[in-house]
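Order of the sequence lines fixes the chain letters, A, B, ..., with proteins taken first and strands second; residue numbering starts at 1 for each chain. These figures come from a predicted structure and were not determined experimentally.
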Amino acid sequence: MKKLPRDFYDRDTQQVAKALLGKQLVHQQKVGRIVEVEAYLGPHDLAAHSARGLTKRTAVMFGPPGHAYVYLIYGMYHCMNVVTEPEGHASAVLIRALEPLQAIGQRTQGPGLLCQAMAISRAQNAVDLVTDPHFFIANAPAVPSEDIVAKPRIGVDYAGEWKDSPLRFYIKGNRFVSKR
DNA sequence: CTCCGGATTCGT
DNA sequence: CGAATCCGGAGT
């Protein structure tokens with residue numbers, strides 16, 4: 001099982017988002033195949049947390065690529081992202097759903113549920129996925145572009161002209177994708 | 001310090 | 001459709 005290198009994350013966020021489909025998210029002994037993601041492009045993207053500028057919470061997004069950005073949402077769930085593009089770009093990819101592969105005993109469709117199933121919380125915020133021994137993303141065959149569907153992101157109606165941008169990507173026909 | 005609302009999920 | 005539940009960010 002080979003970890004994705006820094007270079008993988010250090011490029012255009014939409015490219016990283018699509019390339020992450022099919023890869024394996026690993027935390028401790030748990031493994032899940034990434035089947036759904038969303039791209040958050042940077043401060044100009046009104047759906048992105050970094051659109052509010054550099055704050056204590058969003059500092060990770062402004063940092064180097066390959067780090068995890070984990071935050072608490074609605075007081076009860078966590079969402080996990082991977083930081084992309086060179087330091088200073090403040091972009092990231094949200095992991096939205098996994099296909100359970102190993103040691104996962106709970107549902108993994110939806111960003112909150114997958115963090116619960118993978119035991120990911122704010123304790124993992126800012127962890128470097130390129131160097132951490134227990135929390136990383138492992139390489140796996142790429143999903144062919146004809147099997148990738150692009151749709152508007154979920155739950156970002158507040159994002160004005162950005163709310164309908166097709167920045168959600170998932171594997172066509174995969175039963176673990178969070179919504180239809 | 002107070003107030004508001006959220007990259008969700010579940011139950012009614 | 002509304003509740004649950006709590007922290008970050010903005011405003012006083």
Side-chain angles (χ1 to χ4, degrees), chain A residues 9 12-21 23 25 27 30 32-85 88-100 104-127 129 135 137 148-171 174-180:
Chain A
Y9 306 103
D12 176 80
T13 303
Q14 293 190 57
Q15 296 308 312
V16 177
K18 288 184 273 192
L20 278 173
L21 294 173
K23 302 292 185 279
L25 179 63
H27 185 217
K30 303 172 183 57
R33 179 171 178 251
I34 299 172
V35 300
E36 178 184 354
V37 297
E38 282 178 2
Y40 289 85
L41 304 187
H44 58 293
D45 174 359
L46 298 181
H49 289 168
S50 54
R52 310 274 188 267
L54 174 59
T55 65
K56 188 159 191 178
R57 181 177 62 148
T58 61
V60 191
M61 284 187 79
F62 286 81
H67 289 245
Y69 167 43
V70 185
Y71 65 93
L72 181 66
I73 184 68
Y74 299 115
M76 40 177 51
Y77 296 100
H78 294 272
C79 288
M80 183 205 157
N81 302 252
V82 185
V83 176
T84 60
E85 304 204 33
H89 272 251
S91 50
V93 174
L94 169 70
I95 312 296
R96 278 199 63 91
L98 302 175
E99 177 177 336
I104 298 182
Q106 304 160 60
R107 283 167 305 161
T108 51
Q109 42 188 282
L113 291 176
L114 81 86
C115 282
Q116 204 167 277
M118 294 287 289
I120 294 167
S121 71
R122 278 179 305 169
Q124 278 70 48
N125 188 42
V127 168
L129 301 172
F135 190 29
I137 300 175
I148 298 178
V149 182
K151 291 282 196 233
R153 293 171 293 186
I154 305 237
V156 295
D157 289 348
Y158 58 84
E161 60 185 15
W162 283 87
K163 81 180 176 66
D164 296 319
S165 303
L167 293 173
R168 174 185 178 223
F169 304 100
Y170 59 86
I171 300 176
N174 189 284
R175 62 176 279 221
F176 296 100
V177 168
S178 67
K179 294 185 182 176
R180 174 162 294 273

Side-chain H-bond candidate by donor/acceptor type, A:Ser91 with A:Thr84, under 3.5 Å: yes

Length of the line joining A:Leu54:CG and C:dG9:C1', which is rounded to integer Å: 13 Å

Paired nucleotide for C:dG11 [Watson-Crick or G-U wobble; both distances under 3.5 Å]: B:dC1

A:Thr55 side chain vs A:Thr58 backbone, donor-acceptor pair below 3.5 Å: yes

Closest listed nucleotide, where the reference is the side chain of A:Leu72 and the choices are C:dC7, B:dG6, B:dT9: C:dC7

Rounded distance in Å - CD (A:Gln106) to P (B:dC10): 11 Å

A:Tyr77 side chain, from C-beta outward: closest of C:dG8, B:dC10, B:dA7: B:dC10

Touch class at under 4.0 angstrom, heavy-atom based, for A:Ile73 against every strand present: sugar-phosphate

Whole-Å distance separating the OH atom of A:Tyr69 from the P atom of B:dA7: 9 Å

A:His78 (side chain) donor-acceptor with A:Cys115 (main chain) under 3.5 angstrom: no

A:Leu113 CG - B:dG11 P separation (whole Å): 11 Å

Complement of C:dT5, any strand, by Watson-Crick or G-U distances under 3.5 angstrom: none

Sugar-phosphate only, base, or nothing, as touched by A:Arg57 at under 4.0 Å among non-hydrogen atoms: sugar-phosphate

Backbone of A:Ala47 reached by a side-chain donor or acceptor of A:Tyr158 within 3.5 Å: yes

Name of the residue among A:Val83, A:Leu167, A:Val82, A:Val93 meeting side-chain contact (heavy atoms from CB on, under 4.5 Å) with A:Thr13: A:Val93

Rounded distance (Å) that lies between atom C1' of B:dT9 and atom NE2 of A:His78: 14 Å

A:Tyr74 ring over B:dG6 six-membered base ring, under 5.5 Å and 30°: no

Whole-Å gap separating P (B:dA7) and CG (A:Leu94): 10 Å

Whole angstrom value for the distance that separates C1' of B:dG5 from CG of A:Asp157: 14 Å

Touch class at under 4.0 angstrom, heavy-atom based, for A:Gly75 against every strand present: base

Minimum-distance nucleotide (side-chain atoms of A:Cys79 versus C:dG8, B:dC10, B:dA7): B:dA7

Separation of atom NE2 in A:His49 from atom C1' in B:dT8, rounded to whole Å: 12 Å

Proximity to the side chain of A:Tyr158 - top-ranked nucleotide from B:dT8, B:dG6, C:dG8: B:dG6

Position toward the 5' end of DNA chain B (nearest nucleotide), A:Val93 or A:Arg107: A:Val93

